[in-house]
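What follows is one structure encoded as structure tokens, with my remarks underneath.
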Amino acid sequence: MSNDTAPADAPVISNFVRDIVAGDLASGKHKTSVTRFPPEPNGYLHIGHAKSICLNFGLAEEFGGRCHLRFDDTNPLKEEQEYIDAIQRDVKWLGFDWGKNLFYASDYFPQLYAWAEHLIETGFAYVDDQSADEIRAARGTLTEPGKNSPFRDRSAAENLDLFRRMKAGEFPNGARVLRAKIDMSSGNINLRDPVIYRIIDAEHPRTGNQWCIYPNYDFAHGQSDAIEHITHSICTLEFSDHRPLYEWLLEHLPVPAKPRQYEFAKLVLTHTVMSKRFLITLVQGGHVAGWDDPRMPTLAGLRRRGIPPAAIREFCKRAGVARANSTTDVAMLDACVRENLNKTAPRYMAVLRPLKVVIENYPEGNGETLECVNNPEDPAAGSRQVPFSRELYIEQDDFMENPPKKFFRLSPGMEVRLRYAYFITCTSVIKDAAGNVTELRCTYDPATRGGNAPDGRKVKATIHWVSAPHAQEAEVRLYDAFYTRPDPGANGDAIKDINPKSLEVIKHAKIEPALAARNAEGTVQFERLGYFCRDPDPGLVFNRTIGLRDTYAKAQ
RNA sequence: UGGGGGAUCGUCUAACGGUAGGACCGCGGACUCUGACUCCGCUAGUCUAGGUUCGAAUCCUAGUCCCCCAGCCA
């Protein structure tokens, strides 16, 4: 696992699934743990999947077992190669390695087909000629039992013949299905003769046009687990009702192993909509720039926003695993991101909304170079030389002509420190015709070079700056909450809850030369502003990953 | 009014008959060449009602509330 800042002394946080695996290993029930992460390639992975990935792969790492990446590709109508590729890229990026254990449910189509015939031969499956509507009508309701299909008692020979002809493509989509013969009066609707094979005459991303009948989830998942000798098949709560069917199939088929299914509560995050269906809507409806839009909860989006994979792993660890439905506050994710980045991100200076400052008593010319620490949290990161000159840019927010009492930054007559540079004092303010402040005139104290006054004099604030003649211009994209409420969609369509100001683009930010020249990957800190990373778009474009905590702004 | 799950600080999560703990958020304070970081402190919880017990979040009984299931999706 790739690791940036995994604290070596991190306490092991257990959970009920981990306890079960540990127990099975300790009791000798299993000699090794084998788990799997089984995505359907019908969309991009999101942070909810990360929880499952971390759980499954984490178990393999901790117990020396293995975790398979298996694509649950049984529905060619929704699945695409693009998603298969993206999912592999994202799992790797998150920091996990399936090694040689890359599988596809579609690899097992021949075996699953053979098992379907076995079920028919043993009298536990039949071909139903009813339409989807008829099947639904006969299924009963939550409180009433279903009715047996008129085709339920066909002979094994007839069923076999029909099923083979389904496979041969003799019937149109939906004309017939194969159903397991279980119990139409079961309280568990999944046991009311569930459909297990259907006719879908569509091209499959992996098997092409080889098949026109496909097993569904229930008939593929447990058997795939058995084929791969999965010991602990971990899925989310909504599949609890499928467990009896999962077990029924394993009991009625000559499978090579008996995996067990365990369910946990999926991740739900405040200020987020996780459903793939909705994410597809956002992408296709043009509400975001794509699956990797930095406002998306997809792993691709989080990556583009600059969130380190280690922070996501840590977050999943802290969020925990339980059986109770829960909604985790995104603030917990934010905390993990800030904690990680504070320790790892190199510091640079950048001014988002520039205000020109001229230091009147500083000599004209090219100026000088000052040493700046790259990361106060990491001495090994060293330092760099940053150009300083008579004309600078500071942040507009760092100046107020008529400051309130608690404003410590620059104002007329007030002395502040330019980070790693000099103390300056504002002597006059220049405005345009409209009265807007356009430039500041200041003086500096040459004795404070580097940022300290020999006489021990203190200043209340340190502000960041960029030398005007050396500054490079960059575009900076400031991302804010994507939704205006913590529970988007709670009052109807989540599209209506999208924050119209979730993206603010700053076209002419001023950045120090070293930042412009930086070609390394990774997220950096713009001192006093937040964490940012280079966007893949051409040019000098930065995305804000997350701002620094700002207790001053909060107090306003 | 069927079947399956679940209820612990605002949020997430521990405690497995023996002091309800941690994290996030929030609020104070200290420190500070990032109003950051760090450190210290504070606030705050066992769904309800009975019962068993020396002792109950935990066991029992009866309720209440919440989630999932009626795709030829996964």
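Since the model is a prediction, treat every value here as computed from it, not as a measurement. Proteins come first, then strands; the chains are lettered A, B, ... in the order of their sequence lines, and each starts at number 1. Note: hydrogens, waters and symmetry copies are ignored here, and every other heavy atom, side chains too, is used.
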**Prompt:** In Watson-Crick or G-U wobble terms, both distances under 3.5 Å, what is the partner of B:A7?
**Reply:** B:U64
**Message:** Can you check the distance between B:C40 and B:C24, where both ends of the measurement are the P atom (answer in whole Å)?
**Reply:** 12 Å
**Prompt:** For the side chain of A:Arg347 and the base of B:U34, is some donor closer than 3.5 Å to an acceptor across the two?
**Reply:** yes
**Request:** Report yes if a donor N or O on one partner sits less than 3.5 Å from an acceptor N or O on the other, where the partners are the side chain of A:His464 and the base of B:A36; otherwise report no.
**Result:** no
**Fill in**
Separation of B:C73 atom C1' from A:Glu238 atom CD, nearest Å, is 12 Å
**Prompt:** OP1, OP2 of B:G6 versus side-chain N and O of A:Arg323: anything below 4.0 Å?
**Reply:** yes
**Item:** A:Tyr552 ring over B:G35 six-membered base ring, under 5.5 Å and 30°
**Value:** yes
**Asked** Could A:Arg384 and A:Tyr348 be counted as a cation-pi pair, given that NZ or CZ must be under 6.0 Å from the ring centre and within 45° of the axis?
**Response** yes
**Aromatic plane relationship, A:Tyr246 with A:His221 - under 30° parallel, 30 to 60° tilted, over 60° perpendicular** = tilted
**Message:** Regarding A:Arg549, tell me which of base, sugar-phosphate or nothing describes its non-hydrogen contacts under 4.0 Å with the strands shown.
**Reply:** sugar-phosphate
**Asked** Checking all strands, does A:Thr327 fall into the base, sugar-phosphate, or nothing category for heavy-atom contacts under 4.0 angstrom?
**Response** sugar-phosphate
**Glycosidic class, syn or anti, of B:G71 using a 90° window around 0** = syn
**Prompt:** Counting only distance, no hydrogens or angles, is the base of B:G6 paired donor-acceptor with the side chain of A:Asn325 under 3.5 Å?
**Reply:** no
